[in-house]
Amino acid sequence: MRMKTVRVGILGFGTVGAGVVEGLRRNGARIAERTGLNLEVGGIADLDLETDRGVEVDRALLTADAASLVDDPGIDVVAELIGGEGAARELTLRALKAGKPVVTANKALLAEHGKEIFDAVERAEAGLYFEAAVGGGIPILRALCGGLVGERVERMYGILNGTCNYILSRMESDRLSFEHVLAEAQRAGYAEAEPGLDVDGFDTAHKAVILAALAYGAPLPMDGIRVRGIRGIASGEIEYAAELGYRIKLLAIVRQRENGIELRVEPALVPRQHPLASVGGVFNAVAVEGDLTGETMYYGRGAGRYPTASAVIGDLVQAAGDRAAGAAPRPRISSSRSLDLLPAGDAPLRCYLRLALIDRPGVLAKVAEVLGAHGISIASVLQKERREGEYAPVIVLTHKARESRYEAAVEAIRSLEVVGEDIVRLAIEDFDD
Ligand SMILES: NC(=O)C1=CN([C@@H]2O[C@H](COP(=O)(O)OP(=O)(O)OC[C@H]3O[C@@H](n4cnc5c(N)ncnc54)[C@H](O)[C@@H]3O)[C@@H](O)[C@H]2O)C=CC1
Ligand SMILES: N[C@@H](CC=O)C(=O)O
Ligand code: NA
């Protein structure tokens with residue numbers, strides 16, 4: 001096999017960038033043997049050149065000037081591993097304009113600036129590759145654009161954030177506090193530089209927007225998407241859910257409905273026997289339902305240095321191969337198309353409501369009356385013994401109703417004088433329709 005050398009410019013020598021350099025060192029010879037492509041690190045740019053990244057590199061490869069690395073005629077392919085929407089955006093657009101393929105792990109950039117980025121891709125003579133941006137090391141985007149390309153995608157759902165899944169799993173199994181486990185996830189290199197993106201659900205939403213863009217051919221705007229995170233999930237909720245036979249998971253749900261695409265991110269109760277309930281720790285899982293094959297499911301590590309590096313390396317091979325063949329792949333996402341988003345609140349949902357009620361005859365009937373008046377039907381009720389104070393915890397599980405009805409009903413319940421503390425409302429997802 002004739003060997004072709006492709007020189008890669010690494011922008012960002014952090015968790016993922018260092019993982020890519022190490023991964024290429026470990027497996028470069030194997031990749032060359034399999035593909036005929038010799039992927040050589042041609043330069044590494046980072047603003048911080050002093051921190052030990054745990055990977056030995058020739059210091060001559062290092063620069064603090066990422067733009068000059070992008071412009072270097074010796075660099076064939078650029079890997080944008082800086083993150084964020086500032087320098088990463090400028091450098092990605094710069095590389096595409098110069099006709100250099102870009103591999104990126106940056107879901108925030110793709111979801112928040114999708115129109116601009118995919119517009120640049122349509123005009124560029126080079127491709128944009130972003131397998132690492134969704135599901136870490138799971139080749140979910142390849143599945144969607146490859147094996148499943150003949151499907152009409154009806155629904156995609158799953159766990160897309162390793163940090164949140166790690167937090168919820170450890171809170172349940174080891175009864176640790178949210179803050180303690182978040183710090184662990186940060187030390188492990190799972191969390192975003194701004195961990196609010198993880199715990200408030202936006203990272204999951206970014207990934208869901210990318211999945212939807214690939215399935216339906218156009219970027220969806222982030223505003224208008226219902227996004228809830230896990231910050232407010234107390235260990236008590238996890239315990240009540242477990243008693244009722246559920247686990248709480250941060251889910252992304254994308255669904256093609258008659259009058260638009262439903263896209264929401266929220267912590268939800270998943271039945272313990274559903275495969276998603278046993279996805280623990282940093283693992284992610286995504287189910288795709290197509291009209292031909294029905295449901296397929298993808299599982300693996302969703303964050304961390306090496307799983308993410310693996311996805312980046314896979315894309316580098318793809319980008320280098322396309323370049324060596326003189327082909328820029330046809331963009332699958334068109335910036336000129338637009339998709340209709342189902343208004344937040346329109347999706348039909350089952351819910352878990354936890355209330356604190358004064359322990360007195362007729363109180364539960366008042367709550368049931370308010371729910372009934374809002375068209376919400378009760379599936380079951382669990383009242384716990386009052387331990388201290390004047391309120392008893394009561395958990396109501398409902399049948400399906402539009403989300404906007406719950407919002408109105410919760411407001412009305414809150415104003416009853418027999419209700420104390422905050423009312424917790426979580427979706428119940430059993431994926432059986
Ligand atoms: N850590 C993970 O598990 C995963 C991360 N990602 C994505 O990968 C990207 C990188 O993430 P991490 O490696 O975790 O972040 P990180 O914070 O560990 O690394 C980013 C590096 O970029 C450098 N940098 C910042 N501004 C720069 C500039 N203007 N020029 C050159 N270097 C600059 C920083 O000094 C830092 O070393 C982000 O887009 C993130 O969302 C995607 C999947 C998983
Ligand atoms: N912070 C993200 C990293 C991968 O995308 C996560 O925890 O999933
Ligand atoms: Na992936």
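Just the heavy atoms: all of them, side chains too, but no hydrogens, waters or symmetry mates, feed the values below.
Across every non-hydrogen atom of V77 and A319, the tightest pair is CG1-CB, 4.1 Å. Smallest separation of non-hydrogen atoms from A277 and R247: O-NH1, 3.1 Å. The two residues R332 and V149 make their nearest non-hydrogen contact at NH1-CG2, 3.9 Å. The shortest non-hydrogen separation linking G54 to D52 is N-OD1, 2.9 Å. Looking at every heavy atom in both residues, Y216 comes nearest to V153 through OH-O, 2.9 Å. The two residues A95 and V78 have their closest heavy-atom pair at CB-CG2, 4.0 Å.
The number of heavy atoms from other shown groups lying within 6.0 Å of CZ (R170) is above 12. With a 6.0 Å radius and a threshold of 12 heavy atoms from other residues, nucleotides or ligands, E385 has its CD atom at or below the threshold. Counting non-hydrogen atoms of neighbouring residues, nucleotides and ligands closer than 6.0 angstrom, the CZ atom of R231 exceeds 12 such neighbours.
Using a cut-off of 4.0 Å between Lys/Arg side-chain N and Asp/Glu carboxylate O, R30 and E33 are scored as not salt-bridged. Between E403 and R264 there is no salt bridge, since no side-chain nitrogen of the basic residue lies less than 4.0 Å from a carboxylate oxygen of the acidic one. Salt-bridge formation is detected for the pair K207/D203: a Lys NZ or Arg NE/NH1/NH2 atom is positioned less than 4.0 Å from an Asp or Glu carboxylate oxygen. Ion pair D72/R7 not flagged as a salt bridge, since none of the NZ, NE, NH1 or NH2 atoms sits closer than 4.0 Å to an Asp/Glu carboxylate oxygen. D71 and K100 are not joined by a salt bridge, as no carboxylate oxygen comes within less than 4.0 angstrom of a charged side-chain nitrogen. Between R255 and E429, none of the side-chain N atoms (NZ, or NE/NH1/NH2) sits under 4.0 Å from a carboxylate O, so this pair counts as no salt bridge. The pair R142-D315 meets the salt-bridge criterion, since a charged nitrogen lies less than 4.0 angstrom from a carboxylate oxygen. Between R272 and E172, at least one side-chain N (NZ, or NE/NH1/NH2) sits under 4.0 Å from a carboxylate O, which counts as a salt bridge.
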Would you sort out whether K107 and E192 count as a salt bridge (Lys or Arg N to Asp or Glu O under 4.0 Å), showing the intermediate values?
-> CA-CA 11 Å; K107 51 272 168 158; E192 296 302 303; 3.0 Å; yes
Begin with the C-alpha distance, continue with both residues' side-chain angles, and end with the deciding distance and a verdict on salt bridge (Lys or Arg N to Asp or Glu O under 4.0 Å) for R305 and E22.
-> CA-CA 10 Å; R305 170 171 285 201; E22 172 64 16; over 6 Å; no
Begin with the C-alpha distance, continue with both residues' side-chain angles, and end with the deciding distance and a verdict on side chain to side chain contact (heavy atoms under 4.5 Å, CB included) for E239 and R175.
-> CA-CA 10 Å; E239 283 167 30; R175 298 178 182 245; 3.2 Å; yes
Let me see the working for I333 and V121 under side chain to side chain contact (heavy atoms under 4.5 Å, CB included), right down to the final yes or no.
-> CA-CA 9 Å; I333 299 173; V121 175; over 6 Å; no
Would D46 and T63 satisfy side chain to side chain contact (heavy atoms under 4.5 Å, CB included), going step by step from the backbone distance to the final call?
-> CA-CA 6 Å; D46 201 295; T63 173; over 6 Å; no
Would you sort out whether V134 and L214 count as a side chain to side chain contact (heavy atoms under 4.5 Å, CB included), showing the intermediate values?
-> CA-CA 11 Å; V134 183; L214 284 172; over 6 Å; no
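Tested against L24 for a side chain to side chain contact (heavy atoms under 4.5 Å, CB included), the candidates V20, N27, V21 yield a single pass: V20. Only one option out of E407, E266, E262 pairs with R226 in a salt bridge (Lys or Arg N to Asp or Glu O under 4.0 Å); it is E407.
Every side-chain contact (heavy atoms from CB on, under 4.5 Å) that L341 has, sequence neighbours left out, goes to L220, I225, L263. When the salt bridge (charged side-chain N to carboxylate O under 4.0 Å, His left out) test is applied to D346, the partners found at least two apart in sequence or on another chain are R402. For Y406, the side-chain contact (heavy atoms from CB on, under 4.5 Å) partners two or more places apart in sequence, or in a different chain, are L349, C351, I376, T398, A401, R425.
Looking at D48 and F13, their side chains never come closer than 4.5 Å, going by heavy atoms from C-beta outward. Looking only at side-chain heavy atoms (C-beta outward), I395 and E243 stay at 4.5 Å or farther from each other. Proximity of V288 to Y298: side-chain heavy atoms (C-beta onward) are separated by under 4.5 Å at one or more points. The shortest side-chain heavy-atom distance between Y240 and P393 falls under the 4.5 Å cut-off. You'll find the side chain of V6 stays beyond 4.5 Å of the side chain of N38, heavy atoms only. The closest side-chain heavy-atom distance from L416 to V363 is not below 4.5 Å. In this structure, the side chains of D322 and Q318 come closer than 4.5 Å at one or more pairs of heavy atoms. Side-chain contact between L250 and I159: absent, with no pair of heavy atoms (C-beta onward) separated by less than 4.5 Å.
If you take CZ on R354 and CG on L426, they are separated by 9.0 Å, rounding to the nearest 0.5 Å. Taking CG of D359 as the reference point, atom NZ of K384 lies at 14.0 Å (rounded to 0.5 Å). Note that CG of L182 is 4.5 Å distant from CD1 of I167, once rounded to the nearest 0.5 Å. Between the CG atom in L397 and the CG atom in L269 there is a gap of 7.5 Å [rounded to 0.5 Å]. In this structure, the separation between CG on L176 and OG on S169 is 11.5 Å, given to the nearest 0.5 Å. Note that OG1 of T104 and OH of Y129 are 13.5 Å apart. Values are rounded to the nearest 0.5 Å.
Formation of a donor-acceptor pair under 3.5 Å by the E131 side chain with backbone atoms of I140 is found in this model. In this structure, the side chain of N106 does not engage the main chain of A133 through any donor-acceptor pair within 3.5 Å. Remark: side-chain polar atoms of S310 are not paired, donor with acceptor, to backbone N or O of Y306 under 3.5 angstrom. Judged by distance alone, the side chain of Q186 and the main-chain N or O of A191 form no donor-acceptor pair under 3.5 Å. Between the R25 side chain and the E56 main chain, a donor and an acceptor come within less than 3.5 Å of each other. Checking side-chain atoms of E80 against main-chain N and O of G83 turns up a donor-acceptor pair under 3.5 Å. Judged purely by atom type and a 3.5 angstrom limit, E151 uses its side chain to pair as donor or acceptor with the backbone of T293. No donor-acceptor pair closer than 3.5 Å links the side chain of D200 to the backbone N or O of F202. Remark: the backbone N or O of V279 is paired with a side-chain donor or acceptor of N165 at under 3.5 angstrom.
Taking the six-membered ring for Trp and thresholds of 30 and 60 degrees, H274 and F431 have ring planes inclined between 30 and 60 degrees apart. Classification of the Y190-Y166 ring pair by plane angle, with boundaries at 30° and 60°, yields perpendicular.
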